[in-house]
Every structure is written in C-alpha cells, then in structure tokens.
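Scroll down for the structure; my scribbles are underneath it.
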Amino acid sequence: MRRRLSANNPPELMEKTIGKNQGSRFCWLLSLSVSFWLILFYFHYFIVGSGTINESMKLEPNPSKTQQPKAHRLPKSYPFMRALRTVENKSDPCGGRYIYVHDLPPQFNEDMLKECKSLSLWTNMCKFTSNAGLGPPLENTEGVFSNTGWYATNQFAVDVIFSNRMKQYECLTKDSSIAAAIFVPFYAGLDISRYLWGYNISVRDAASLALVDWLVKKPEWNVMGGKDHFLVAGRITWDFRRLSEQDSDWGSKLLFLPAAKNMSMLVVESSPWNANDFAIPYPTYFHPAKDTDVFMWQDRMRKLERPWLFSFAGAPRPGNPKSIRGQIIEQCRNSKVGKLLECDFGESKCHSPSSIMQMFQSSLFCLQPQGDSYTRRSAFDSMLAGCIPVFFHPGSAYAQYTWHLPKDFSKYSVFIPEDDIRKRRVSIEERLLQISPEQVKIMREEVISLIPRLIYADPRSRLETLKDAFDVSVQAVIDKVTNLRKDIIEGHEDLNFIEENAWKYALLEEGQREVGPHEWDPFFSKPKDNVDSDTSAEVAKNSWKNEQRDKS
C-alpha cells in the first residue's frame, strides 16, 4: 500500500519522492508513444500493404481460400475505376462522358483520302470526301431544300463524317484513364471498298490485321482487352464478315478477328446474329450547322400539303425470287393515290436528290421494302421529309437502329409482313386507308420529332441543344461500356447469352436480361452459322453491283 505524502515529511524525502514520480511518468509516456508507433507501423505494413484499399470503391471482395468473414476481405482494384468516378464530380459537365481518341498512323485514315480516286471501282469518291465528308453542296434550284446545310452526300461516307464530328466532340480527353470509351478512327469502310473486286484475301485483310496489331500493343487496350474501344465503318456488316480463307469469298474478316470481337463496330447495317456490331443511320443530304436550321426544317415539314397517300422510289429485283419489289411497283402503278419513281437503268430522276425528296415531301407514307440487304438509305431520306415509313421486314429498321428509333415501332411506322404482299393477301392502299387522319397526324409528328437524331450535323460546327445521330451513337457506346464495367465490378455474368439471338437482346427494355420466343422469329430463323458466303456475300455483292448500275 502506497503511503500518502504529507506536509510533515522532511524536504529531502519530498524531493526524492517527486523525482521518482517524474521518472515513472516519463517512462510511462515513452512506452505509450512506442506502442502507438508500433501499432501504426503494423497496420500500414501488414494490413494496408497486403492489398489495395480504395474507400471510394464499392467492389466485390477478393476470394479467399480460408473464407474470411466478409468484413475482413479486401476489394479488387480495376484500372477503369478512375473513369467511373468522374461521374461523381457534379461540377464536371463531362463527367462520365470523356472520349479518348487513338492517334492512329495516317495509313489507317488520312492516307486513304489522298488516294480518293481509288476508293471505289465505279465512283470518284474525291468529291464525296470533300467538305469533311459531306460532299459538294446541293443547289436549291427547285426550292425542295433549305438554302443552307444540304450536300450531295454519299451513302457510304459515314467513316469520314463520324471521325470529323468526333474532332468537335466537347468531351475529348488526352488522359485515357478517365475515358468512358475509346474511339479508333480507322476508315474501315473506305479501306475495304478499295479491294473488294480483283484482290486476294491477303490484300483485303492487310489493314485490319495491321490495325489490330497496333492496338493490342497500346496500354489503353489492356484496360479491358478492347471492350471499351469502338470504330465506325460506313458500309454494311457483310463486307467485314468473310468466313473462309478462299479468295473467291467476299469481303474482309475484320469482324471475325478475335481482338475485333471485343470492340464495338458501328455500321450502317448490322448482323442480327452477331453481338459486336451496331447499326447507325445512313447519312442523308441534310447536315445542319445550327439548331435553328433543324427547327425551321421541322416546321416546314409539318405544314406541307401531301397529295399522295403513299410512294415508292426503287427498282425491281428480277434476279431475287424472294424480293417483293415487283408486287410493290405493281400496286403503285395500279393505285390512283400511289406515286412511283422507278430507279432502273437510265432513270436519272431517281438519282436526283431533289426529285426524291420532292416525292417524299408530297407523300403521307413511304414504302421501304428491303434493298439488296435488309436496310436502305431511302428510309432515312423519307423520314427526313416527314413521310411515315412502311416496312415489310423487321430487319429493315426495328432490329437495326435500336439506339435511334423508338422500340415501339407503331408510333412512327407501319408494318406489313412481306408474306402478305408476296401472297397478295393485302392491298397496301386499303391497309393505309384504314389509318385515321388523326392517327396519321400523330405518327407524322413522331417522325418529324425524330429528325434530329437521324441526321449528322455539319462536322465543322456544333449543335447547341439538339442531339444528332453522332451524339446518340456516342452516348449509346458510353452507356454500353459503363454498364459492362459495372457488371464486372458486381460480378454479373450472363451465362445464358446466345449470340445468335443478338437481335432479341437489342430489343429488351432497360434492366431485362433474358430473351425467349419472339413474334419475329420466322424472319430471323436462319442461324448465324448458315449465313455463310452463299448468303451474306451475295447480299453484299449485289449491293455493289447496284452501285455500278447506278452509274450506268
């Protein structure tokens, strides 16, 4: 028992006792300090040093053989986390929207434009690659167009237009670690168009193989193995899906390269049975520089008198027994309320943008059967004119342009199954007359409201409030990559995904993951493996043959 000091203790004893207490207190403080630093060093080197801790990550824990309690597991670190976290910065208008553009060697883009005369066997593409890919301006001698913003744009010029629009994108970054997606400015459509006729597969594949070799060596590729990369090709998907190594087969094998399967490729027509390509609109003749140009055009389309119930611009396909164009042309000829613009040999009016747009502007409905492939540019020209499209196959629009068109196709179009025309079960005139004038007005307004997202603005300027086809496409790619990154973090993996049903997945609503039987199954019943060179190659080849015919 410690004795308490009192005032009666001698001074010498008090001094000794005080000195002893001070020494004990000093030792106690010293030991406390040492203990604190030992604990701190232990935590830093043995706890923090054993894994990566990032308080801003809400990630799945690392798996452990010993199955530690969840509270003690450490989160994974992903190289794309910095990009995801840019969304949280509310003061940054580009948060979650940054795009990094690869600085490709000029052989993959600009050098092609220098050799523009050799880009097509039948067309001098030099005039069409002018004005940032828009082509020469159109004169408004007949008053069909606006006074500005109209160009003789080639339907396969999206490569150049899209890349030039990207140069004006407001959220470009030189820091790939914050990029929501990575753009590869390879002119894939122009590349393949040079070598489709008379060249062996080595020549046709050379640029694609060189591109992939260049990309996989870049640090940006390693972040997601290319799954955050995208490129654009202004041709149909079948030009890039050669299945064999035979010179007689069609196109390149770009979309079948293992690395390219990870990337997203935007084309003017995609494959219903593949998951690595996505359809974007064909370019029209209208490329506005200002929002007001679009608003004025929309108002003009609302006020037009439309004397024709329906119209069709196109040529028959006598060599294709499955084509319904012959029956459509026949119904147009036999109708007093139908207008026909035949596009056969020597018919110059069909190749006149002014004549085509004038007919679409004077029609309530515009017939859009399949072209040589599922899709055709005419569908977008007609909607630009405020004409309600009539489709006969879901592959012509509904299973294609799911980023740009409403999934409820009845809001803006009419669907008449091909078999109803082929077997003469339906009169187009009678079917369209069943739609009330009030409903026609509602549908036409829907079509006119879609115009901004179906056109490509002038690449040398920027719209202020409107989102054009480029903006819609870029945002869709960003959403796709962002959702994929979140799935990786959360450990979501769709083990039931069937690529042959790619067209069905594109039609799912937000949050849906499972597909089942669909009313359009008969239209897409042929499995991907049977869409071989005898089918897809023939489709693509016919498309090119008709380019040749158009120049006759």
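Here the structure is a predicted model, which means the values were calculated and not measured.
Contact record, Pro452 with Val294: CG-CG1, 3.9 Å, taken as the closest heavy-atom pair. The shortest heavy-atom contact between Met166 and Leu172 is O-CD1, 3.4 Å. A pairwise comparison of heavy atoms in Pro283 and Thr153 identifies CB-CG2, 3.9 Å as the closest pair.
Aromatic ring pairs are classed by plane angle as parallel below 30°, tilted from 30° to 60° and perpendicular above 60°; the pair Tyr412 and Tyr398 is perpendicular. Using bins of under 30°, 30° to 60° and over 60° for the plane-to-plane angle, the ring pair Phe286/Trp150 lands in the parallel bin. The aromatic rings of Trp197 and Trp250 sit perpendicular to each other, their planes meeting at more than 60°, with 30° as the lower class boundary. Classification of the His229-His102 ring pair by plane angle, with boundaries at 30° and 60°, yields tilted. The aromatic rings of Phe278 and Trp403 lie parallel to each other, with less than 30° between the two planes, well short of the 60° mark. Relative ring orientation between His518 and Trp503 is described as perpendicular, the plane-to-plane angle rising above 60° on a 0-90° scale split at 30° and 60°. The aromatic rings of Tyr456 and Phe162 stand perpendicular to each other, their planes meeting at an angle above 60°, with 30° marking the opposite boundary.
Although no hydrogens or angles enter the test, the distance criterion places a donor-acceptor pair under 3.5 Å between the side chain of Arg242 and the main chain of Ser244. In this structure, the side chain of Asn131 does not engage the main chain of Gly133 through any donor-acceptor pair within 3.5 Å. Distance alone, capped at 3.5 Å, places no donor-acceptor pair between the Ser163 side chain and the Val160 backbone. With hydrogens and angles disregarded, a donor-acceptor distance shorter than 3.5 Å links the side chain of Gln400 to the backbone of Ser270. Looking only at distances, a side-chain donor or acceptor of Glu499 sits under 3.5 Å from a matching main-chain atom of Ala275. When atom types are taken as modelled, the side chain of Asp291 and the backbone of Glu464 share a donor-acceptor pair closer than 3.5 angstrom. Between the side chain of Asp228 and the backbone N or O of Met224, no donor-acceptor pair lies under 3.5 Å. Checking side-chain atoms of Asn262 against main-chain N and O of Gly226 turns up no donor-acceptor pair under 3.5 Å. Panel note: side chain Gln361, backbone Ala385; no donor-acceptor pair is recorded below 3.5 Å.
For Met296, the CE atom is loosely surrounded, since the number of other residues' heavy atoms within 6.0 Å does not exceed 12. Shown here is Tyr199, whose OH atom has no more than 12 heavy atoms of other residues, nucleotides or ligands within 6.0 Å. Within a 6.0 Å radius of CG in Asp213, other residues, nucleotides and ligands contribute more than 12 heavy atoms. Residue Glu139 places its CD atom among 12 or fewer non-hydrogen atoms of other residues, nucleotides or ligands, all under 6.0 Å distant. For Lys504, the NZ atom is densely surrounded, since the number of other residues' heavy atoms within 6.0 Å is greater than 12.
Atom CD in Gln246 sits 7.5 Å away from atom CD1 in Ile201 (nearest 0.5 Å). For the atom pair CG of Asn109 and CG of Leu104, the computed distance is 5.5 Å after rounding to the nearest 0.5 Å. Annotation: the span from Ser120 atom OG to Met125 atom CE amounts to 6.5 Å, rounded to 0.5 Å. Atom-to-atom distance recorded for Ile455:CD1 and Thr284:OG1 is 6.0 Å, nearest 0.5 angstrom. Interatomic distance, OG of Ser355 versus CE of Met359, reported as 9.5 Å (0.5 Å rounding). Summarising the geometry, atom CZ belonging to Arg235 is positioned 9.5 Å from atom CD1 belonging to Ile192; distances are rounded to the nearest 0.5 Å.
Phe391 and Phe409 have their aromatic ring centers separated by at least 6.0 angstrom.
Ser130 places none of its side-chain heavy atoms less than 4.5 Å from the side chain of Phe128.
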Using distance only, find each side-chain donor-acceptor pair of residues 468-484 under 3.5 Å and give its atom names and separation, not counting sequence neighbours.
from   : atom 1 : to     : atom 2 : distance (Å)
Asp468 : OD1    : Arg165 : NH2    : 2.8
Asp468 : OD1    : Phe470 : N      : 3.3
Asp468 : OD1    : Asp471 : N      : 3.0
Asp468 : OD2    : Arg165 : NE     : 3.1
Asp468 : OD2    : Arg165 : NH2    : 3.0
Asp468 : OD2    : Ala457 : N      : 2.8
Asp471 : OD2    : Asp468 : N      : 3.2
Ser473 : OG     : His404 : NE2    : 3.1
Ser473 : OG     : Ala469 : O      : 2.7
Gln475 : NE2    : Asp479 : OD1    : 2.9
Lys480 : NZ     : Ser264 : OG     : 3.0
Thr482 : OG1    : Ile478 : O      : 2.8
Asn483 : ND2    : Asp479 : O      : 3.1

Mind listing the side-chain donor-acceptor pairs of residues 90-101 below 3.5 Å, one per line with the distance, residues two or more places apart or on another chain?
from  : atom 1 : to     : atom 2 : distance (Å)
Ser91 : OG     : Asn89  : OD1    : 2.6
Asp92 : OD1    : Cys94  : N      : 3.0
Asp92 : OD1    : Tyr98  : OH     : 3.2
Asp92 : OD2    : Tyr98  : OH     : 2.8
Arg97 : NH1    : Pro93  : O      : 3.1
Arg97 : NH2    : Glu170 : OE2    : 2.6

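With no hydrogens or angles considered, no side-chain donor-acceptor pair links Ser396 and Gln370 at under 3.5 Å. Using modelled atom types and a 3.5 Å distance limit, the side chains of Ser461 and Gln168 yield no donor-acceptor pair. A donor-acceptor contact closer than 3.5 angstrom is absent between the side chains of Ser323 and Asn320. A donor-acceptor pair shorter than 3.5 Å can be found between the side chains of Thr237 and Asp277.
A salt bridge links Arg317 with Asp372: at least one charged nitrogen is closer than 4.0 Å to a carboxylate oxygen. Between Lys290 and Asp458 there is no salt bridge, since no side-chain nitrogen of the basic residue lies less than 4.0 Å from a carboxylate oxygen of the acidic one. Note on Asp111 versus Lys114: salt bridge recorded, some NZ/NE/NH1/NH2 to OD/OE distance being below 4.0 Å. Between Arg204 and Asp191 there is no salt bridge, since no side-chain nitrogen of the basic residue lies less than 4.0 Å from a carboxylate oxygen of the acidic one.
Remark: Asn222 engages no residue in a side chain to side chain contact (heavy atoms under 4.5 Å, CB included) (not counting sequence neighbours).
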Problem - Step-by-step ring pair (Phe, Tyr, Trp, His ring centres under 6.0 Å) determination, Trp297 to Phe145 - result: CA-CA 9 Å; Trp297 179 257; Phe145 313 126; 7.8 Å; no

Exercise for the section: Quick one: do Phe230 and Phe183 satisfy ring pair (Phe, Tyr, Trp, His ring centres under 6.0 Å)? Show the steps, please. Expected result: CA-CA 5 Å; Phe230 71 105; Phe183 179 55; 5.1 Å; yes

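Here salt bridge (charged side-chain N to carboxylate O under 4.0 Å, His left out) pairs that include residues 379-398, with residues two or more places apart or in two chains, are Arg377-Asp381. Judged as a salt bridge (charged side-chain N to carboxylate O under 4.0 Å, His left out), not a single pair has a partner in residues 395-407 (not counting sequence neighbours). Sequence neighbours left out, the pairs with a member in residues 252-264 that pass salt bridge (charged side-chain N to carboxylate O under 4.0 Å, His left out) are Glu245-Lys253.
Figure legend: cation-pi geometry between Arg241 and Phe256, with NZ or CZ positioned under 6.0 Å from the six-membered ring centre and within 45° of its axis. A cation-pi contact, defined as under 6.0 Å to the ring centre and within 45° of the axis, links Lys218 to Trp214.
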